[in-house]
Amino acid sequence: MNSFISATARCLRSGAALYGPRRADVWSAPGRRLLCAAAGDVQKDLGEKVKKDKVVVFIKGTPAQPMCGFSNAVVQILRMHGVDDYAAYNVLDDQELREGIKVFSNWPTIPQVYFNGEFVGGCDILLQMHQNGDLVEEFKKLGIRSELLETEKDSK
Amino acid sequence: MIELLPACKQCPLERSSNIKKTDMAVTTDHIRDKLTKELAAVHVDVEDTSPNRCAASFKALVVSSQFEGKPLLQRHRMVNTCLAEELKEIHAFEQKTLTPEQWEKQKSQ
């Protein structure tokens with residue numbers, strides 16, 4: 001309830017805000033359970049969450065204790081690159097967050113990764129980016145130097 | 001080396017809810033056929049990974065020239081759109097999307 005109130009207060013303070021990636025017409029999605037007003041606030045809140053930090057992940061569990069293999073893979077990849085300063089939101093703690101982020105990103109599964117407020121993808125995409133070297137480049141664009149570059153330098 | 005946890009065994013929400021086994025419509029054949037048809041795929045592999053997870057889970061490899069020139073995220077969204085209805089029933093979904101050229105290269109490695 002508190003988060004609902006503070007989310008509403010934030011909305012009123014910030015006024016009309018552009019947020020997040022374009023998403024499909026969510027109001028026609030069958031089976032939606034959230035009331036319109038509450039859902040709108042969750043979406044606005046997510047819009048702010050993904051912009052607050054350079055690297056934002058929505059996972060099952062926490063970085064210290066992931067509760068799913070795919071979420072664990074995301075956490076491990078970030079760790080390998082020495083990225084430990086990121087925001088991690090546990091969808092298992094909050095059912096509204098869990099459903100809301102799928103709507104917000106127009107992406108059906110968890111985990112979900114955001115860089116600089118932009119949706120990157122899930123575990124598959126992050127893993128492929130890690131394997132083909134794209135992830136190091138993406139981190140560079142964020143002003144983050146991957147630790148893997150240090151490892152490469154040392155081995156030369 | 002990235003190791004996945006053995007299963008979503010610890011996922012509490014899943015265990016506590018009534019997970020019925022996949023809707024009869026969501027089978028590997030159904031997924032394979034749909035992907036082949038809607039993405040003009042030249043090759044599709046679909047694996048049911050549900051035994052390793054707590055609910056309906058699938059892994060798919062899709063090879064299509066429609067992926068040419070498209071970044072990973074866009075390719076995955078194409079697959080997600082194709083399987084929008086099915087994904088509502090599916091708990092976990094892994095996918096790999098390749099162009100025919102990438103597929104040939106991978107096979108030869």
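- Separation of atoms CH2 (Trp107(A)) and NE2 (His76(B)) is listed at 6.0 Å; rounding is to 0.5 Å.
- Environment of CD in Gln131(A): crowded, with over 12 heavy atoms of neighbouring residues, nucleotides or ligands closer than 6.0 Å.
- Rounding to the nearest 0.5 Å places CG of Leu127(A) at 8.0 Å from NZ of Lys96(B).
- In the hydrophobic clustering of this structure, Tyr89(A) groups with Val55(A); members are Ile, Leu, Val, Met, Phe, Trp, Tyr whose side-chain heavy atoms approach within less than 4.5 Å, directly or through other members.
- Other residues, nucleotides and ligands place more than 12 heavy atoms under 6.0 Å from the NZ atom of Lys34(B).
- Both Val75(A) and Ile77(A) belong to a common hydrophobic cluster when Ile, Leu, Val, Met, Phe, Trp and Tyr are linked at side-chain heavy-atom distances under 4.5 angstrom.
- Your options are Ile125(A), Ile110(A), Thr109(A), and the one with the most heavy-atom pairs under 4.5 Å with chain B is Ile125(A).
- Note that CG of Leu73(B) and CE of Met129(A) are 9.5 Å apart. Values are rounded to the nearest 0.5 Å.
- Sorted by first and then second residue, the pairs that involve residues 100-109 of chain B and meet salt bridge (charged side-chain N to carboxylate O under 4.0 Å, His left out), not counting sequence neighbours, are Glu104(B)-Lys107(B).
- Among all heavy-atom pairs drawn from Leu72(B) and Gln128(A), the shortest one is CD2-OE1, 3.6 Å.
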